[in-house]
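Hydrogens, waters and symmetry mates play no part in the numbers below; they use all other heavy atoms, side chains included. Chain letters run A, B, ... following the sequence lines, proteins first, then strands; residues in each count from 1.
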Protein chains: 2
Amino acid sequence: MADIIKRLPSLPSERALKVISGRWKAVILYHLFDGPRRLSELRRLVPAVSQKVLIQQLREMEEHGLVHREIFREVPPRVEYSATTLGQSLEPVLLALCEWGQRHAEELGEFDQVGDCVIRPRQSA
Amino acid sequence: MADIIKRLPSLPSERALKVISGRWKAVILYHLFDGPRRLSELRRLVPAVSQKVLIQQLREMEEHGLVHREIFREVPPRVEYSATTLGQSLEPVLLALCEWGQRHAEELGEFDQVGDCVIRPRQSA
DNA sequence: TTCCATACTGACCGGATGGTAACCATGGCC
DNA sequence: GGCCATGGTTACCATCCGGTCAGTATGGAA
């Protein structure tokens, strides 16, 4: 269903935006920055997203090289999703976005409504 | 039609993404970083976008505090769009996105297809 | 009196996106 | 054989987003 990588915009900033903006991609990435996660884990961590959409977002990110999918042939089967190096390299970008998002909320007087930009300590840390 | 600011996501990064990602917003912003622009100018600068959509994007950005719209009651009427301080503060964020977009293109072997991240010198410079 | 420029607005449309709900396949276990 | 868990897929649908194209308003110029 997706042999052809859908042509991304040639303007780099638009390209980046297209790759990052999916309803759940940021949240998912935050969790993957923490380390590999199974599908069932992600479902627990992000209960608001349905399984179909979760997989959808993960597959898109896989297609775009942000996420690695590894299947362990066990019973019951285990699948682990992890952030690739390219995916990891999004962390500072997401941080910049987050900080700007906070500023935006502040300046529009909605400071109370937004969360912070804390990124969980890496597993290895 | 838009007294109520459409509720933005409370996760700051998502908020930022929502505000920035519109088909033409980045390009328009790049031009506004250069200084105020009339609608007709923007139409020339970004010929690929239709007038309706151009106005649409500008109005959304105005609503989100990125863009200022000033009407000069002349004949024929003149309207100038400019980046607010909040809008200007997006420049480094767009730069980060742009640089990441380039990296992404490189790592996917599409380096040739993307442009660079050069931001035009400010009018005042 | 018609024409032009500027800056909008509105009707309509198609594709992408995200959402729900249901179903499928594997293979161990009771 | 029926049930469980995991990790999917499928059909279907509503909404959004951007796109075309045509129309509106103002007021000076020809």
Side-chain angles (χ1 to χ4, degrees), chain A residues 1-2 4-9 11 14-15 17-28 31-32 36-64 67-82, chain B residues 1-9 11 14 17-28 31-32 36-64 67-82:
Chain A
M1 81 191 62
I4 314 141
I5 276 201
K6 252 186 227 151
R7 204 139 168 65
L8 292 169
L11 204 76
E14 286 177 352
R15 182 192 188 88
L17 282 169
K18 185 130 200 171
V19 167
I20 306 174
S21 11
R23 180 66 185 83
W24 301 100
K25 289 185 182 170
V27 201
I28 295 173
H31 288 294
L32 294 189
R37 296 270 179 241
R38 305 183 54 169
L39 183 71
S40 43
E41 283 182 282
L42 288 169
R43 290 218 291 150
R44 259 194 318 99
L45 293 164
V46 196
V49 59
S50 76
Q51 179 159 303
K52 189 205 98 174
V53 175
L54 181 54
I55 291 178
Q56 223 171 249
Q57 307 273 308
L58 284 163
R59 292 289 163 86
E60 278 177 35
M61 291 196 285
E62 191 191 3
E63 205 183 334
H64 291 146
V67 161
H68 173 71
R69 178 161 163 269
E70 184 150 19
I71 306 150
F72 298 83
R73 302 224 140 276
E74 306 170 356
V75 156
R78 183 161 61 100
V79 176
E80 269 188 7
Y81 294 90
S82 52
Chain B
M1 85 192 55
D3 329 83
I4 315 142
I5 277 201
K6 251 186 229 153
R7 205 139 168 62
L8 292 169
L11 203 76
E14 284 177 354
L17 282 168
K18 186 131 200 171
V19 167
I20 305 174
S21 10
R23 179 66 184 83
W24 300 101
K25 289 186 182 170
V27 200
I28 296 173
H31 288 294
L32 295 188
R37 297 270 179 241
R38 306 182 53 170
L39 183 70
S40 43
E41 284 182 282
L42 288 170
R43 290 219 289 149
R44 261 193 318 99
L45 292 164
V46 195
V49 60
S50 77
Q51 179 158 298
K52 191 205 98 176
V53 174
L54 180 54
I55 292 178
Q56 222 171 250
Q57 307 274 307
L58 284 163
R59 290 291 165 84
E60 279 178 33
M61 291 196 284
E62 190 192 2
E63 206 183 332
H64 292 146
V67 161
H68 173 70
R69 177 161 164 269
E70 184 148 20
I71 306 150
F72 298 84
R73 300 226 142 276
E74 307 170 356
V75 157
R78 183 160 60 101
V79 176
E80 270 188 8
Y81 295 90
S82 52

Seminar exercise, completed: Separation between CG (B/L42) and NE2 (B/H31), nearest 0.5 Å, reads 7.5 Å
Exercise. Rounded to whole angstrom units, what separation is found between the NZ atom of A/K18 and the P atom of D/dG18?
Worked result: 10 Å
For this session: Report which part of the nucleic acid B/R59 touches: base, sugar-phosphate, or nothing (heavy-atom distance under 4.0 Å, all strands).
Result: sugar-phosphate
Exercise. Given atom CD of A/E74 and atom C1' of D/dG7, what is their separation to the nearest angstrom?
Worked result: 13 Å
Seminar exercise, completed: Its contact letters, B for base, S for sugar-phosphate only and - for none at protein heavy atoms under 4.0 Å, make nucleotides 25-30 of chain D read --SS--
Exercise. Donor-acceptor pair, B/E80 side chain versus B/P36 backbone, under 3.5 Å?
Worked result: no
Exercise. Taking DNA chain C as the partner, which of residues 39-47 of chain A come within under 4.0 angstrom of it by heavy atom?
Worked result: none
For this session: Calculate, to the nearest 0.5 Å, the distance between atoms CD and CD belonging to B/E62 and B/Q57 respectively.
Result: 13.5 Å
Seminar exercise, completed: A correct dot-bracket answer for DNA chain C, with pairs being Watson-Crick or G-U at under 3.5 Å, [ ] for crossing pairs and | for inter-strand pairs, is ||||||||||||||||||||||||||||||
For this session: Round to the nearest Å and state the distance from A/L54 atom CG to D/dT6 atom P.
Result: 14 Å
For this session: Give B/F72 one of three labels, base, sugar-phosphate or nothing, depending on what nucleic acid heavy atoms sit under 4.0 Å from its own.
Result: nothing
Exercise. CZ of B/R69 versus C1' of C/dA7: gap in Å, rounded?
Worked result: 8 Å
Exercise. Which of these, A/R69, A/R23, A/K25, sits in a salt bridge (Lys or Arg N to Asp or Glu O under 4.0 Å) with A/E60?
Worked result: A/K25
Problem set entry | Atom pair distance, as rounded to whole Å: CG in A/L17 and P in C/dT17 | 14 Å
Exercise. Considering residues, nucleotides and ligands other than B/R78, do more than 12 of their heavy atoms fall under 6.0 Å from its CZ?
Worked result: yes
Seminar exercise, completed: Whole-Å distance, A/I55 CD1 to D/dT10 P, equals 11 Å
For this session: Tell me, please, which residues at least two apart from A/R59 pass side chain to side chain donor-acceptor pair (under 3.5 Å).
Result: none
Exercise. Which residues pass the side chain to side chain donor-acceptor pair (under 3.5 Å) test with A/E70, sequence neighbours left out?
Worked result: none
For this session: Round to the nearest Å and state the distance from B/I28 atom CD1 to D/dG18 atom P.
Result: 10 Å
Using a cut-off of under 3.5 Å, enumerate the N/O to N/O pairs linking the protein to nucleotides 18-23 of chain C.
residue : atom : partner : partner atom : Å
C/dG18  : OP1  : A/R23   : N            : 2.7
C/dG18  : OP2  : A/Q57   : NE2          : 3.1
C/dG19  : OP2  : A/W24   : NE1          : 2.7
C/dG19  : N7   : A/K52   : NZ           : 3.1
C/dG19  : O6   : A/K52   : NZ           : 2.3

For this session: Answer yes or no: does a side-chain N or O of B/R78 lie under 4.0 Å from OP1 or OP2 of C/dT6?
Result: no
Exercise. Tell me, do A/L32 and A/V67 make a side-chain contact under 4.5 Å, heavy atoms counted?
Worked result: yes
